Amino acid sequence: RGGRGPSSGTAAAARSLIDAAALREVDIAIDFDDVTATYVRIEGVDKYVGYDPVLWTERDDELDPLSRDGWVRTAQVTLPRLAAGEADRRVLEQRAAALFDHVDVVMTPTSTVPPFAAAGPMPTEVAGTPVHAGMASALQFWASVGNLPAISVPAGLTADGLPVGLQIIAPRFREDVCLRRGRIAE
């Protein structure tokens, strides 16, 4: 819980899943730091696996400016900076493991904001608080960086009729829990 609580639709979907799966709601404060920087460092490594450098060095004028800048910055990252990202990930994994000592699943909105146009720009405000654009996906980053299985299931519609999702996150290596809860939710 915290300042970024789920929308009423997502909360209702979570309550329905709790009832349908015979889960017990546990009120535990979850307060993880913003892991966007860690995600970007780790994702940066993935950019270079299996990609022909010609795709971004000689055709960079075809890329979105933010993507182009990301490729350039990532090419200049040092090994100590990459190691710092991995160290951050390991701390997150340990904290998540400690959390899952007390709960079977964590349910969050899939996104911290209502749906927005794919063409952008990404939202820079969450619940009235100014944030960097990556915060729209902060809850997804948490699962991804922590190497946690997660699934998003439909949770309803916004007042404008746009779809929202419920993200179900399970302990590491427990994809079966996500799939089972996802099947029950749908």
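Values reported hereafter were calculated over all heavy atoms of this structure, with side chains retained and with hydrogens, waters and symmetry mates removed. These figures come from a predicted structure and were not determined experimentally.
A salt bridge does not link R90 with D88: every distance from a Lys NZ or Arg NE/NH1/NH2 to an Asp or Glu carboxylate oxygen is 4.0 Å or more. Between E86 and R89 there is a salt bridge, with a side-chain nitrogen of the basic residue lying less than 4.0 Å from a carboxylate oxygen of the acidic one. Electrostatic pairing of D176 and R180 counts as a salt bridge here, judged by a charged N lying under 4.0 Å from a carboxylate O.
L99 and V106 get closest at one heavy-atom pair: CD2-CG2, 3.7 Å. L92 approaches G146 most closely through the heavy-atom pair CD2-N, 3.5 Å. A155 and G165 get closest at one heavy-atom pair: CB-C, 3.8 Å. Minimum interatomic distance between P115 and T158 (heavy atoms only, all atoms of both residues): CD-CG2, 3.9 Å. Across all their heavy atoms, R181 and A21 have their closest contact at CD-CB, 4.1 Å. For G85 against T38, the heavy-atom pair with the smallest separation is O-CG2, 3.4 Å.
Remark: side-chain polar atoms of E186 are not paired, donor with acceptor, to backbone N or O of P154 under 3.5 angstrom. Looking only at distances, no side-chain donor or acceptor of S144 sits under 3.5 Å from a matching main-chain atom of Q140.
Residue D19 holds its CG atom at 9.5 Å from CD of E25, rounded to the nearest 0.5 Å. In this structure, W142 CH2 and R95 CZ are separated by 9.5 Å, a value rounded to the nearest 0.5 Å. Atoms SG and CZ, from C178 and R183 in turn, are 12.5 Å apart once rounded to the nearest 0.5 Å. Here CZ of R174 is found 11.0 Å from CZ of F100. Values are rounded to the nearest 0.5 Å.
When side chains are defined from C-beta on, H102 counts as touching I28, because their heavy atoms get closer than 4.5 Å.
In this structure, L148 is a member of the same hydrophobic cluster as I30, with clusters built from ILVMFWY side-chain heavy atoms closer than 4.5 Å.
Grouped by direct or indirect side-chain proximity (heavy atoms under 4.5 Å, Ile/Leu/Val/Met/Phe/Trp/Tyr only), V105 sits with L17, I18, L23, M107, I151, V153, L166, I168, V177, L179, I184. Under the 4.5 angstrom side-chain criterion for Ile, Leu, Val, Met, Phe, Trp and Tyr, F173 has no cluster partners at all.
A side-chain donor-acceptor contact under 3.5 Å links T108 and Q167.
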